[in-house]
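From a predicted model like this one, the values you see are computed outputs, not experimental measurements.
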Amino acid sequence: MSSRSTTSPARRYLRIALIALAIAIVLANAWNQSLEAHESAPPGSALAELETLDVRDAEPRTGYSREGFGRAWADVDDNGCDTRNDILARDLSEVTYTERDETCTISTGVFVDPYTGQEIEFQRGKTTSAAVQIDHVVPLLDAWRKGARSWDENTMALFANDPLNLLASDGSANQSKGARDASEWLPPDETFHCTYVARQIAVKSVYALAVTPAERDAMRTVLDACPSEPLPSAASTATADAVDPW
């Protein structure tokens, strides 16, 4: 009895230690394989670009305001049309224009929402326009907390109206997303995850914005299923040149 009582605890501790060691080895191997996959990501891919982004915790939202990013949907490219109508014209099909301003203002169109996969018959009006909203792929608040607080007013306005960072989207999906990053929200349609994350990475690369550790890991998880997903190109080199890294 005495011998068994003194050796049994030792054996239990040994078994626990061996199990813990085995788990550590499995996790280490998985981590090494993941690192090798990321290091071998194709040049020009979103996964390769992700590894170049600054990784740090998000700063407080103190000082943030939507107005700080300029008037909503300003005509920053001087084409005579506001940004909302520019994006609607780009992302909708079968577009018609209002008689009052046929060169810019979208009256109707057909929209296939990339976030949900649903088709929406867009019609301009006080109670109908909100069915299709314009989403900031990298939300303005997210940008503020990860580098934008150091920008000047011109850069903030360019960011808020940059077509690279804008997608027409289902209104309810856009509202559901809010200011959440990829670690907290991904489009309901899983087939769009790779494209969506790649676009976020492209925007953050152009504007030298950081990602949090959780955000980076979430993006890696998505791109592990599509390691060759290409990085979307910037809307213009002028946009990239206007930004000072933080």
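For His136, the ring pair (Phe, Tyr, Trp, His ring centres under 6.0 Å) partners two or more places apart in sequence, or in a different chain, are Trp73. With sequence neighbours excluded, the residues satisfying side chain to side chain contact (heavy atoms under 4.5 Å, CB included) with Gln133 are Ala130, Asn174, Gln175. Under the side chain to side chain donor-acceptor pair (under 3.5 Å) criterion, Asp91 pairs with no residue, sequence neighbours left out. Evaluation of the side chain to side chain donor-acceptor pair (under 3.5 Å) rule for Thr83 yields Asn161 as partners, not counting sequence neighbours. Remark: Asp82 engages no residue in a salt bridge (charged side-chain N to carboxylate O under 4.0 Å, His left out) (not counting sequence neighbours). Every residue meeting the side chain to side chain donor-acceptor pair (under 3.5 Å) condition with Thr108, not counting sequence neighbours, appears here in chain and number order: Thr96. For Ala46, the side chain to side chain contact (heavy atoms under 4.5 Å, CB included) partners at least two apart in sequence or on another chain are Ala198, Ile201, Leu223, Leu231. Residues passing the side chain to side chain donor-acceptor pair (under 3.5 Å) test with Thr52, sequence neighbours excluded: Glu49. Under the side chain to side chain contact (heavy atoms under 4.5 Å, CB included) criterion, Ala179 pairs with Pro139, Leu141, sequence neighbours left out.
The shortest side-chain heavy-atom distance between Leu88 and Val95 does not fall under the 4.5 Å cut-off. With a 4.5 Å cut-off on side-chain heavy atoms, Leu209 and Val138 count as touching. Ser129 is listed as a side-chain neighbour of Arg84, based on a closest heavy-atom distance under 4.5 Å. Side chains of Phe111 and Leu92 form a contact here, defined as non-hydrogen atoms less than 4.5 Å apart. Asn79 places a side-chain heavy atom less than 4.5 Å from the side chain of Asp86. Between Arg220 and Glu51 the shortest side-chain heavy-atom distance falls below 4.5 Å. For the pair Tyr207/Asn165, no side-chain contact is recorded, criterion being any heavy-atom separation below 4.5 Å from C-beta on. Residues Thr195 and Pro114 form no side-chain contact, since every pair of their non-hydrogen atoms from C-beta on lies 4.5 Å or further apart.
Ring centroid separation for the pair Phe159 and Trp144 does not come in under the 6.0 Å cut-off.
Residue Arg90 qualifies as enclosed at atom CZ: its count of foreign heavy atoms under 6.0 Å is above 12.
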Checklist line | Step-by-step side chain to side chain donor-acceptor pair (under 3.5 Å) determination, Thr116 to Asp113 | finding: CA-CA 6 Å; Thr116 64; Asp113 175 41; 2.6 Å; yes
Margin query: As a quick check of understanding, evaluate side chain to side chain donor-acceptor pair (under 3.5 Å) for Tyr97 and Asn85, giving each step before the final call.
Written below: CA-CA 10 Å; Tyr97 296 86; Asn85 280 294; over 6 Å; no
Next item on the list: May I have the step-by-step check of side-chain contact (heavy atoms from CB on, under 4.5 Å) for Asp135 and Leu166, ending in yes or no?
Entry: CA-CA 6 Å; Asp135 179 45; Leu166 298 173; over 6 Å; no
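Within the structure, salt bridge (Lys or Arg N to Asp or Glu O under 4.0 Å) pairs that include any residue of residues 205-214 do not occur (at least two apart or interchain). Sorted by first then second residue, the salt bridge (Lys or Arg N to Asp or Glu O under 4.0 Å) pairs that include residues 184-213, not counting sequence neighbours, are Asp142-Lys204, Lys204-Glu215.
In terms of hydrophobic clustering, with Ile, Leu, Val, Met, Phe, Trp and Tyr side chains grouped at heavy-atom distances under 4.5 Å, Val55 and Val222 are assigned to a common cluster.
When atom types are taken as modelled, the side chain of Arg66 and the backbone of Gly70 share a donor-acceptor pair closer than 3.5 angstrom. In this structure a side-chain-to-backbone donor-acceptor pair under 3.5 Å is missing from Ser176 to Ser172. Looking only at distances, no side-chain donor or acceptor of Glu59 sits under 3.5 Å from a matching main-chain atom of Lys146.
Between the NE2 atom in His193 and the OH atom in Tyr115 there is a gap of 10.5 Å [rounded to 0.5 Å]. Atom OG in Ser183 sits 3.5 Å away from atom CG in Asp181 (nearest 0.5 Å). For the atom pair CG (Leu50) and CZ (Arg216), the distance works out to 8.0 Å, reported to the nearest 0.5 Å.
For the residue pair Pro227 and Ala225, the shortest heavy atom distance occurs at CD-C, 3.7 Å. Shown here for Leu164 and Pro232, the closest heavy-atom pair between the two residues is CD1-CB, 4.1 Å. In terms of heavy-atom proximity, Cys81 sits nearest to Asp77 at O-OD1, 4.3 Å. A pairwise comparison of heavy atoms in Ala48 and Pro42 identifies CB-O, 3.5 Å as the closest pair. Considering all non-hydrogen atoms of both residues, Ile87 and Ala168 come closest at CG2-N, 3.8 Å. Heavy atoms only, all atoms of each residue included: Ala157 and Val76 are closest at O-CG1, 4.2 Å.
Note: Tyr64 and Phe69 have tilted aromatic rings, judged against thresholds of 30 and 60 degrees for the angle between ring planes.
A donor-acceptor contact closer than 3.5 angstrom links the side chains of Thr155 and Asp152.
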Donor-acceptor pairs are to be reported for all side-chain atoms of residues 118-125 against protein atoms at under 3.5 Å, with residues two or more places apart or in another chain.
none

